[in-house]
Enquirer: 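Below is the structure I would like to discuss, written out as structure tokens.
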Amino acid sequence: MDLNATDVEALRHIIAHNAAGASVTARELATHLDISTASTAKLLNRLSASGHVQRHPHPDDRRSVIVTATGHAHAEIREWLTDMHQRMLEIAHGVPEESRQAVTDFLESMTDCLDPEVVDDTPDP
């Protein structure tokens with residue numbers, strides 16, 4: 001997509017919030033990405049120039065702008081995800097049938113290990 005990781009995360013955040021009916025301001029985006037407002041301005045300039053986002057005046061705050069993803073951004077994200085999901089599916093189909101349960105168990109254990117809500121009651125050896 002010719003976007004860096006921060007650009008992609010910004011688009012993901014904007015699209016998710018817009019889909020939920022929520023607006024995203026430049027300041028909120030800066031907070032979410034944990035970057036300065038100056039860096040956010042540069043990011044939005046890049047994404048605007050590439051046709052991924054549009055800035056609109058905030059209806060209640062003249063100092064602020066609302067950021068929305070364009071149809072172009074939605075189409076690119078959809079295409080990118082479709083390609084990625086296809087590659088993931090091909091990899092999954094490459095796992096031998098007899099190994100699939102072991103892979104599933106492994107991934108679930110790794111997920112549990114990373115989840116701070118899961119308490120491990122297994123005694124240490």
Side-chain angles (χ1 to χ4, degrees):
M1 286 178 37
D2 282 338
L3 301 173
N4 67 40
T6 303
D7 294 353
V8 171
E9 176 55 24
L11 275 178
R12 187 207 63 76
H13 184 76
I14 294 164
I15 289 171
H17 276 70
N18 291 168
S23 60
V24 177
T25 65
R27 182 173 300 282
E28 290 166 344
L29 191 58
T31 300
H32 172 74
L33 297 172
D34 196 26
I35 60 176
S36 69
T37 52
S39 293
T40 303
K42 288 181 181 180
L43 176 143
L44 291 175
N45 287 341
R46 279 194 311 275
L47 292 177
S48 292
S50 64
H52 289 95
V53 300
Q54 292 179 325
R55 297 174 187 161
H56 310 279
H58 193 289
D60 302 322
D61 182 356
R62 290 180 20 170
R63 299 168 298 154
S64 186
V65 296
I66 292 176
V67 184
T68 59
T70 63
H72 168 69
H74 284 275
E76 264 199 5
I77 293 286
R78 216 175 3 265
E79 180 181 333
W80 180 71
L81 288 175
T82 299
D83 291 345
M84 181 182 66
H85 289 158
Q86 182 60 41
R87 291 189 308 271
M88 292 169 73
L89 191 57
E90 289 169 8
I91 291 168
H93 284 286
V95 176
E97 182 84 31
E98 62 276 6
S99 301
R100 291 180 182 170
Q101 188 59 52
V103 171
T104 299
D105 293 345
F106 167 76
L107 292 172
E108 287 175 351
S109 293
M110 291 299 281
T111 300
D112 289 347
C113 177
L114 297 172
D115 186 350
E117 297 295 316
V118 175
V119 177
D120 183 10
D121 293 331
T122 308
D124 290 334

Enquirer: What pairs meet the salt bridge (charged side-chain N to carboxylate O under 4.0 Å, His left out) rule with one or both residues in residues 77-95, with sequence neighbours excluded?
Expert: none
Enquirer: For the atom pair OG1 (T25) and CZ (R63), what is the distance rounded to the nearest 0.5 Å?
Expert: 11.0 Å
Enquirer: Drop me the distance from T31's OG1 to E28's CD, to the nearest 0.5 angstrom.
Expert: 7.5 Å
Enquirer: Pairs in or reaching into residues 45-60: which pass salt bridge (charged side-chain N to carboxylate O under 4.0 Å, His left out), with residues at least two apart or in two chains?
Expert: D7-R46
Enquirer: Which heavy atom in A30 sits nearest to a heavy atom in S36, and how many Å separate them?
Expert: CB-O, 4.2 Å
Enquirer: Other hydrophobic cluster members with I66, side-chain heavy atoms of Ile/Leu/Val/Met/Phe/Trp/Tyr under 4.5 Å, chained?
Expert: none
Enquirer: Step through the shown structure and confirm whether more than 12 heavy atoms of other residues, nucleotides or ligands are within 6.0 Å of CG on D34.
Expert: no
Enquirer: At what distance, to the nearest 0.5 angstrom, does CG of L11 lie from CD1 of I77?
Expert: 5.0 Å
Enquirer: Does H72 have any ring-ring contact (aromatic ring centres under 6.0 Å, His included) partners at least two apart in sequence or in another chain, and if so, which?
Expert: H52
Enquirer: Just how far is it from atom CD of E9 to atom CG of L3, taken to the nearest 0.5 Å?
Expert: 12.5 Å
Enquirer: Going hydrophobic residue to hydrophobic residue with side-chain gaps under 4.5 angstrom, can you get from M88 over to W80?
Expert: yes
Enquirer: Under 3.5 Å, is there a donor-acceptor pair between the side chain of N18 and the main chain of A22?
Expert: yes
Enquirer: Give the C-alpha distance, both sets of side-chain angles, the deciding distance and a yes or no for side-chain contact (heavy atoms from CB on, under 4.5 Å) between T40 and L33.
Expert: CA-CA 9 Å; T40 303; L33 297 172; 5.5 Å; no
Enquirer: For L43 and A10, which heavy atoms make the closest approach, and how far apart are they?
Expert: CD2-CB, 3.9 Å
Enquirer: Among pairs that include at least one residue of residues 17-44, which meet ring pair (Phe, Tyr, Trp, His ring centres under 6.0 Å), considering only residues two or more places apart or in two chains?
Expert: H13-H17, H13-H32
Enquirer: Roughly how far apart are T82 OG1 and M84 CE, rounded to 0.5 Å?
Expert: 9.0 Å
Enquirer: Given a cutoff of under 4.5 Å between side-chain heavy atoms of I, L, V, M, F, W and Y, with clusters grown through shared members, what are the other residues clustered with V103?
Expert: V95, F106, L107, M110
Enquirer: Given L29, which of I14, V53, T37, I35 fulfils the side-chain contact (heavy atoms from CB on, under 4.5 Å) condition?
Expert: I14
